[in-house]
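So the structure is just underneath, and the comments pick up after that.
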Amino acid sequence: MFGFGKVLAGALSLCMTVLSNSAVYAQSTTLNGSVNRTHTSKTIKSEVTSVQQRPKVIYKKVYVEKKDNRTYFERHPKVKAATVGAGVGAGAGAVTGLVTRQGVVRGAAIGAGTGAGVGLVRSSKTMKRHPIVKNTATGALVGLGLGAAGSRRGSTVTKTTATGAAVGLGYGLLKHLK
């Protein structure tokens, strides 16, 4: 059994050697061959007579790219609204967390999230057509942010959200109803 493995390995190495050498020989004969140069090429000249024609008018649409010189926030008003809202909310949340001793960073993070939401609600085109709903949603989000930053109890968050929505609704009704 052990001798058969050596014989098999020797036979495989011999086959590989023969195959690799035959490939080298085939390649060298291909590379050393000659080209039959008995064929000559002829150049054919042809004359084209041109007939005078009226020029064609071609209309083509051309698209010109103009550089937009506006700033990032001018091009993206929603991002601007969310960023400003997050900044104001972070400040209000940090103060709320400091006053209630629930954590300044925690309050700032909660305030930034709800402030970004308030900024998006205030800049929404749909909400601009419905100002009372906009004020109610803004009040609810502000109440949610203050309640979440000031307390860890769910009932307090719910009560402050409802209070904020009620204040927003009252403000919207007083301002927009005639």
Side-chain angles (χ1 to χ4, degrees), residues 5 8-9 12-13 15-16 19-20 23 27 50-178:
L8 183 61
L12 281 175
S13 66
C15 289
M16 294 299 287
L19 288 176
S20 64
Q27 189 176 20
S50 62
V51 178
Q52 293 228 349
Q53 294 179 350
R54 291 176 32 186
K56 286 185 179 179
V57 179
I58 298 173
Y59 294 99
K60 202 158 104 174
K61 286 184 180 178
V62 177
Y63 297 99
V64 178
E65 271 190 49
K66 288 181 71 178
K67 184 165 173 51
D68 194 3
N69 291 327
R70 296 180 297 167
T71 64
Y72 180 80
F73 287 128
E74 287 173 345
R75 285 179 283 157
H76 303 92
K78 299 290 184 194
V79 176
K80 177 184 175 184
T83 305
V84 169
V88 171
V95 169
T96 304
L98 179 67
V99 169
T100 59
R101 296 182 184 219
Q102 295 295 321
V104 175
V105 176
R106 176 181 178 273
I110 292 170
T114 56
V118 168
L120 289 174
V121 166
R122 303 295 295 173
S123 69
S124 171
K125 290 180 182 176
T126 304
M127 290 295 191
K128 286 186 191 214
R129 291 189 299 246
H130 308 285
I132 297 172
V133 175
K134 176 177 74 171
N135 289 330
T136 306
T138 300
L141 283 171
V142 168
L144 173 70
L146 290 175
S151 174
R152 295 179 190 261
R153 298 176 66 190
S155 62
T156 305
V157 175
T158 305
K159 290 174 188 175
T160 57
T161 303
T163 305
V167 169
L169 177 63
Y171 174 75
L173 289 174
L174 287 175
K175 183 177 179 183
H176 297 289
L177 281 183
K178 296 177 183 181

Non-hydrogen side-chain atoms of [X] and [Y] separated by less than 4.5 Å:
| X | Y | answer |
| --- | --- | --- |
| R122 | K134 | yes |
| F73 | T83 | yes |
| S151 | Q102 | no |
| V142 | T114 | no |

Roughly how far, to the nearest 0.5 Å, is the [atom2] atom of [Y] from the [atom1] atom of [X]?
| X | Y | atom1 | atom2 | value |
| --- | --- | --- | --- | --- |
| K80 | T71 | NZ | OG1 | 7.5 Å |
| L146 | T156 | CG | OG1 | 12.5 Å |
| L144 | T163 | CG | OG1 | 12.0 Å |

Donor-acceptor pair, distance only, cut-off 3.5 Å: does the side chain of [X] make one with the backbone of [Y]?
| X | Y | result |
| --- | --- | --- |
| T160 | G143 | yes |
| S124 | L120 | no |
| H176 | G172 | no |
| K78 | S123 | yes |

What is the minimum heavy-atom distance between [X] and [Y], and which atoms define it?
| X | Y | result |
| --- | --- | --- |
| G107 | A149 | CA-CB, 3.8 Å |
| A137 | V121 | CB-CG1, 4.0 Å |
| H130 | T126 | CD2-O, 3.1 Å |
| V118 | L141 | CG2-CB, 3.5 Å |

